[in-house]
Amino acid sequence: QVQLVESGGGLVQAGDSLRLSCAASGRTFSSYAMGWFRQAPGKEREFVAGISRNGANIGYADSVKGRFTISRVNAKNTVYLQMNSLTPEDTAVYYCAAALGSTWSTYREASRSYDYWGQGTQVTVSS
């Protein structure tokens, strides 16, 4: 079992930056591949970024590539999402998720691959 708590969301203007954090507890953090997802009103939850257990392999949705950066610090049991050049289309609830059973150097994109989810943090970008 692992507990995930996101923080760092808020209301910003277009062009601003935010850094989301997700703190994990309950099991060895390096056991999990981690991911960030988001869900906008009226839309399905979508993959944003994923990172392997060792941090060496990373993937992004096309919509955020070049603007968002995922990272993790296993010693701090934390995964981050640095979001730059935010637009109103980035407005959503952002969730972090943890996936068991990954190899040391793979990440996951499918939400069904993830075993644990945080409660989410709201990001609102005004124009």
Side-chain angles (χ1 to χ4, degrees):
Q1 188 77 12
V2 65
Q3 293 77 43
L4 302 172
V5 179
E6 302 97 336
S7 62
L11 172 63
V12 297
Q13 294 187 333
D16 285 350
S17 298
L18 276 177
R19 187 175 82 155
L20 305 183
S21 300
C22 173
S25 61
R27 281 192 62 164
T28 304
F29 183 64
S30 60
S31 301
Y32 299 91
M34 299 297 295
W36 285 97
F37 290 77
R38 66 186 182 186
Q39 188 166 19
K43 295 188 177 181
E44 293 187 354
R45 188 173 298 186
E46 64 174 357
F47 171 78
V48 175
I51 187 167
S52 62
R53 290 167 59 193
N54 63 0
N57 285 302
I58 290 171
Y60 298 97
D62 288 343
S63 59
V64 306
K65 204 171 291 184
R67 298 188 299 123
F68 290 12
T69 303
I70 188 172
S71 61
R72 68 188 294 164
V73 179
N74 286 344
K76 293 186 176 182
N77 294 349
T78 303
V79 62
Y80 303 95
L81 185 68
Q82 177 66 43
M83 306 186 294
N84 298 329
S85 302
L86 286 162
T87 74
E89 288 68 38
D90 296 315
T91 295
V93 177
Y94 283 73
Y95 300 89
C96 73
L100 274 173
S102 299
T103 65
W104 191 236
S105 59
T106 59
Y107 66 91
R108 310 284 185 91
E109 289 192 17
S111 60
R112 65 182 180 275
S113 300
Y114 286 82
D115 303 287
Y116 301 101
W117 294 82
Q119 293 299 307
T121 185
Q122 176 71 47
V123 172
T124 303
V125 184
S126 65
S127 58

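Leu20 has its side chain within reach of Met83: a pair of non-hydrogen atoms, C-beta onward, lies under 4.5 Å apart.
A distance of 8.5 Å separates CG in Asn74 from CG in Asn54, rounded to the nearest 0.5 Å. Between atom OG1 of residue Thr69 and atom CG of residue Leu81 there is a gap of 8.0 Å, rounded to the nearest 0.5 Å.
Residue pairs that meet the disulfide bond (SG atoms under 2.5 Å apart) test with at least one member in residues 93-127, sequence neighbours left out, are Cys22-Cys96. Applying the side-chain hydrogen bond (donor to acceptor under 3.5 Å, both in side chains) test to pairs two or more places apart or on separate chains, those with a residue in residues 98-110 are Ser102-Arg108, Thr103-Thr106. Residue pairs meeting the salt bridge (Lys or Arg N to Asp or Glu O under 4.0 Å) criterion with at least one member in residues 50-65, sequence neighbours excluded, are Asp62-Lys65.
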Side chains of residues 33-48: which donor-acceptor partners sit under 3.5 Å, not counting sequence neighbours?
unit_1: Trp36; atom_1: NE1; unit_2: Tyr80; atom_2: O; d: 3.4
unit_1: Arg38; atom_1: NE; unit_2: Glu46; atom_2: OE2; d: 2.6
unit_1: Arg38; atom_1: NH1; unit_2: Asp90; atom_2: OD1; d: 2.9
unit_1: Arg38; atom_1: NH1; unit_2: Tyr94; atom_2: OH; d: 2.9
unit_1: Arg38; atom_1: NH2; unit_2: Glu46; atom_2: OE2; d: 3.2
unit_1: Arg38; atom_1: NH2; unit_2: Ser63; atom_2: OG; d: 3.4
unit_1: Gln39; atom_1: NE2; unit_2: Lys43; atom_2: O; d: 3.1

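Within a 6.0 Å sphere centred on CD of Gln3, other residues, nucleotides and ligands contribute more than 12 heavy atoms.
Cluster membership check: Phe29 shares its hydrophobic cluster with Val2, using side-chain heavy-atom separations under 4.5 Å among Ile, Leu, Val, Met, Phe, Trp and Tyr. Under the 4.5 Å side-chain heavy-atom criterion for Ile, Leu, Val, Met, Phe, Trp and Tyr, Tyr60 and Val123 are members of the same hydrophobic cluster.
With sequence neighbours left out, the side-chain contact (heavy atoms from CB on, under 4.5 Å) criterion links Val12 to Asp16, Leu18, Leu86, Val125. The side-chain contact (heavy atoms from CB on, under 4.5 Å) search around Leu100 returns Arg27, Tyr32, Asp115, Tyr116, not counting sequence neighbours.
Considering all non-hydrogen atoms of both residues, Thr91 and Gln122 come closest at CG2-NE2, 4.0 Å. In this structure, Ser127 and Ala14 approach most closely via the heavy-atom pair CA-CB, 4.4 Å. The heavy-atom pair separating Leu4 from Ala24 by the smallest distance is CD2-CB, 3.6 Å.
No donor-acceptor distance shorter than 3.5 angstrom exists from the side chain of Arg72 to the backbone of Gly55, with no hydrogens or angles considered.
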